[in-house]
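Everything quoted here is computed from the prediction, not taken from an experiment. Side chains included, hydrogens not; waters and symmetry mates left out as well; all remaining heavy atoms used. Letters A, B, ... mirror the listed sequences (proteins, then strands); counts begin at 1.
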There are 6 protein chains.
Amino acid sequence: MAIELETGLPSVRQIQNLIREETEVELKLVTGDLLAGKVRWQDSDCLAMVDQYDQSTIVWRQAIVYLKPRP
Amino acid sequence: MAIELETGLPSVRQIQNLIREETEVELKLVTGDLLAGKVRWQDSDCLAMVDQYDQSTIVWRQAIVYLKPRP
Amino acid sequence: MAIELETGLPSVRQIQNLIREETEVELKLVTGDLLAGKVRWQDSDCLAMVDQYDQSTIVWRQAIVYLKPRP
Amino acid sequence: MAIELETGLPSVRQIQNLIREETEVELKLVTGDLLAGKVRWQDSDCLAMVDQYDQSTIVWRQAIVYLKPRP
Amino acid sequence: MAIELETGLPSVRQIQNLIREETEVELKLVTGDLLAGKVRWQDSDCLAMVDQYDQSTIVWRQAIVYLKPRP
Amino acid sequence: MAIELETGLPSVRQIQNLIREETEVELKLVTGDLLAGKVRWQDSDCLAMVDQYDQSTIVWRQAIVYLKPRP
């Protein structure tokens, strides 16, 4: 459980941009689930998502397959 | 098996709030299982859940996909 | 392969209680398998289970989703 | 979350070549998904892919099974 | 890729006994596969199995769910 | 992303022999895929395979379940 979020990583910085710009994204998870919504915050273990009904979900990084910004 | 729970992480703090407020949550697991109940305690390896029948379940963090507080 | 079992962790201590009290438990594994039996011993990599026919099984911690003590 | 990308690894160097040569590749993911496109950049956690519609996808290394350059 | 095999671990020692005694075992893998045979050797990453046709298989520890000695 | 390949490990040495002897092998992957071909090189993260059409595939070690030399 490293606590520092490696903000030097391009992937971490890209997610910070998506948070700041409140971009709609799709997260594909290891169960095959597809979560749509906006990333609210990230830490070294998780990403917090919020959907169109303002319902929040804490997603574990270990379970993320890919993230796709919605065009 | 790091022993310290990183209470500096937003995701760990958020779970501590859910424990304190006894919030109903849904845990999605890598097998596709959906566990409903309240989080009783957490450590660096596991979360302890208790369901509506007061039956407890120790869930390994490695198997968690996402956590959704119930509205 | 850390060798020390973190006995300071609530989850490790809870399993030690289950071993001492010879409690019947259910283990859900990443393949969806459900193993019923008693935990005989634990180390940092594995849990040893024994079933009703006294058949033993070494289960890798990495493959455990959750553990449920049987009521 | 190690930040350094191990450019000494043949596998990391091979991906750098694929990025420079803008080679079409296929990524097989743990969900069985097959992503086709070009690798835009890589870091220690992720690969960034772009498809034929110029849509980008951040893929977590943990979810990659294999990468096949397209003949 | 730690190189030392933690022979202090009960689970590692138990496998050493199974190797010495040439015990028939069943290995359940994350894909659901069930491998039957004898363990020939183990290291920190893998177990080497040999089946009834003397065909050998190198199994990655990361993919092992459980090991069951055959009665 | 440790960079050193642990050539002291029997499993790593065995793969080095398979590379040198250009032995045909089968790789079982976590998705259930079965890759047939020869191992060309290995590093701490990946194995490079080449199939009968001389098509190369970079396989992530994390996704390997077992390797079977073809009789």
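- Summarising the geometry, atom NZ belonging to A:Lys28 is positioned 11.5 Å from atom OG1 belonging to D:Thr57; distances are rounded to the nearest 0.5 Å.
- Exactly one of D:Thr31, D:Leu35, D:Leu27 qualifies for a side-chain contact (heavy atoms from CB on, under 4.5 Å) with A:Tyr66. That residue is D:Leu35.
- Proximity of a side-chain donor or acceptor of D:Gln55 to a complementary backbone N or O of A:Arg70 within less than 3.5 Å is not detected.
- A:Ile64 approaches D:Ala63 most closely through the heavy-atom pair O-CB, 4.1 Å.
- Nearest heavy atoms, D:Ser56 versus A:Pro69: O-CD, 3.4 Å.
- Of the possible polar contacts, one joining the D:Gln62 side chain to the A:Arg61 backbone as a donor-acceptor pair under 3.5 Å is found.
- The main-chain N or O of A:Leu9 is never found under 3.5 Å from a side-chain atom of D:Asp43 such that the two would form a donor-acceptor pair.
- Residue A:Glu21 qualifies as enclosed at atom CD: its count of foreign heavy atoms under 6.0 Å is above 12.
- D:Trp60 pairs in a side-chain contact (heavy atoms from CB on, under 4.5 Å) with only one of the listed residues (A:Leu67, A:Val30, A:Val65), which is A:Leu67.
- Of the two parts of A:Ile15, only the side chain, counted from C-beta on, holds a non-hydrogen atom closer than 4.5 Å to a non-hydrogen atom of chain D.
- For A:Gln14, the part sitting under 4.5 Å from any heavy atom of chain D is the side chain, from C-beta outward, and nothing else.
- Residue D:Leu29 touches chain A through its side chain alone, counting heavy-atom pairs closer than 4.5 Å.
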